[in-house]
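Right, one structure below, let's go through it.
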Number of protein chains: 2
Amino acid sequence: MARALAPAQIDVSADLIRAAGVKVTRGRVRVLDALHSARQPLSHAELEARLGDPAEPAMDRVTLYRILDSLVACGLALKAVDTRGVFRFSAAGAQRQHANHVHFRCTDCGGVFCLKAEPPPPPRLPRGFRLNEVAFDLRGTCAGCSLREGA
Amino acid sequence: MARALAPAQIDVSADLIRAAGVKVTRGRVRVLDALHSARQPLSHAELEARLGDPAEPAMDRVTLYRILDSLVACGLALKAVDTRGVFRFSAAGAQRQHANHVHFRCTDCGGVFCLKAEPPPPPRLPRGFRLNEVAFDLRGTCAGCSLREGA
DNA sequence: CCCGCAAATGCAACAAGGTTGCGTTTACAG
DNA sequence: CTGTAAACGCAACCTTGTTGCATTTGCGGG
């Protein structure tokens, strides 16, 4: 799980970027790398913090926004908005592991829990509609919050 | 559809607010009224525009934020975030008609379609979890967008 | 009907998240 | 090696949302 920082991984990101048909720059490689090694979608602020880690020249705020936009535009990253209204970015493909899961969202603490159950088969769609993904989301109160409330 | 601006409707909002146990003010009544007569959740900016319509003193920006927060806090309004990361508010109850529907969201045009089908029974939850609402969301391309893409 | 107090309002200032314009640097094709 | 379009850095700006504080107002009780 905790993979060594082999230079090989950098090449993977670089190759992906090259294959996407855009210029390979250090910034893009670093950002895509960070997205790949993240276990959750990251906000702009979180990415900025992570990239400031090494002695690197700490990339510009605007540049990071533009890099993220370009990665989204060429299909290497995905952009979504969280419950606070902040954009979060993830490496394309990373979210596939959560597709077709059943999720439980706690309306109290905002937590998301993956249930083991398989999603039910989708109903028949009107003519011309093409299905891509199903999300079976249950909303309510999780065990922890139920307990605190009941007390 | 276009209902007359009977003063009766104002009283309905006022009564709801009073029943919720908070002070009845002109601002709250106007806002709740606007939310009730809206067909979709409204953003702060949209509400501000609608309320500026009559010769009313055009309520303060911050006051509108606080009125919305208070309506949410006492359960008369709901707050959600849209794809742009902006908060949208709706009168409580207005969305109930969409709860427990099956929805199809077009990832192309962003449109939401209500399907007639009933949502499948929810799976067994871990101990302590309390279910409140189920959302069976299908994502893909709607008929119109499929057609345009195929062309 | 008036009084008092907590709640609500208005105003100003601030903070975070995101965008635009422009001059400079850099990847990379020829 | 060189030219050029793309990417970058910087400064300024916009929108959305929040905080502090002084003033006004709803409304319960005298």
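Just so it is clear: chains get the letters A, B, ... in the order the sequence lines come, proteins before strands, and each one is counted from 1.
Between A:Phe87 atom CZ and C:dT19 atom P there is a gap of 6 Å when expressed in whole angstrom units. Atom C1' of nucleotide D:dC27 and atom CZ of B:Arg26 are separated by 16 Å, given to the nearest angstrom. Atom OH of A:Tyr65 is separated from atom C1' of D:dC10 by 16 Å (rounded to the nearest Å). At whole-Å resolution of the value, CZ in A:Arg61 and P in C:dT20 are 13 Å apart. We find that CZ of B:Arg18 is positioned 12 Å from P of D:dG26, with the value rounded to whole Å. Per the geometry, CD1 belonging to A:Ile17 stands 17 Å off P belonging to D:dA6, to the nearest Å. Summarising the geometry, the separation between CG on B:Asp60 and P on D:dT18 is reported as 14 Å, rounded to the nearest angstrom. A:Glu46 has its CD atom 13 Å from the C1' atom of C:dG17, to the nearest Å.
Comparing C:dG10, C:dA12, D:dC8 by their nearest atom to the side chain of A:Arg66 picks out D:dC8. For B:Thr63, the side-chain atoms get nearest to C:dT9 when compared with the rest of C:dT9, C:dT19, D:dG9.
When each of A:Leu64 and B:Phe89 is assigned the nucleotide of DNA chain D bearing its nearest heavy atom, the one mapping closer to the 5' terminus is A:Leu64.
Terminal axes of the helix from C:dC1-D:dG30 to C:dG30-D:dC1 (five pairs each, C1' rotation axis) are separated by 30°, to the nearest 10°.
Between B:Arg18 and B:Asp15 a salt bridge is recorded (basic side-chain N to carboxylate O distance below 4.0 Å).
Atom CG of A:Leu51 and atom CG of A:Leu42 lie 9.0 Å apart (nearest 0.5 Å). Separation of atoms CG (B:Leu47) and CG (B:Leu68) is listed at 6.0 Å; rounding is to 0.5 Å. Going from atom OG1 of A:Thr83 over to atom CZ of A:Arg88 covers 8.5 Å, rounded to the nearest 0.5 Å.
Across all strands, B:Val24 comes closer than 4.0 Å only to sugar-phosphate atoms, never to a base (heavy-atom distances). Within the nucleic acid shown, B:Thr25 comes within 4.0 Å of sugar-phosphate atoms alone, with no base atom in reach, counting heavy atoms only.
Proximity of A:Asp137 to B:Asp137: side-chain heavy atoms (C-beta onward) are nowhere separated by under 4.5 Å.
Taking each heavy atom of A:Ile17 and A:Lys23 in turn, the nearest pair found is CG2-O, 3.5 Å. Residue B:Ala92 comes nearest to B:Gly75 through the heavy atom pair CB-O, 3.2 Å, listed as atom of the first residue, atom of the second, then distance.
Of the side-chain N and O atoms in B:Arg84, one or more sit less than 4.0 angstrom from OP1 or OP2 of D:dT16.
Contacts of residues 67-76 of chain B with DNA chain C (heavy atom under 4.0 Å): B:Ile67.
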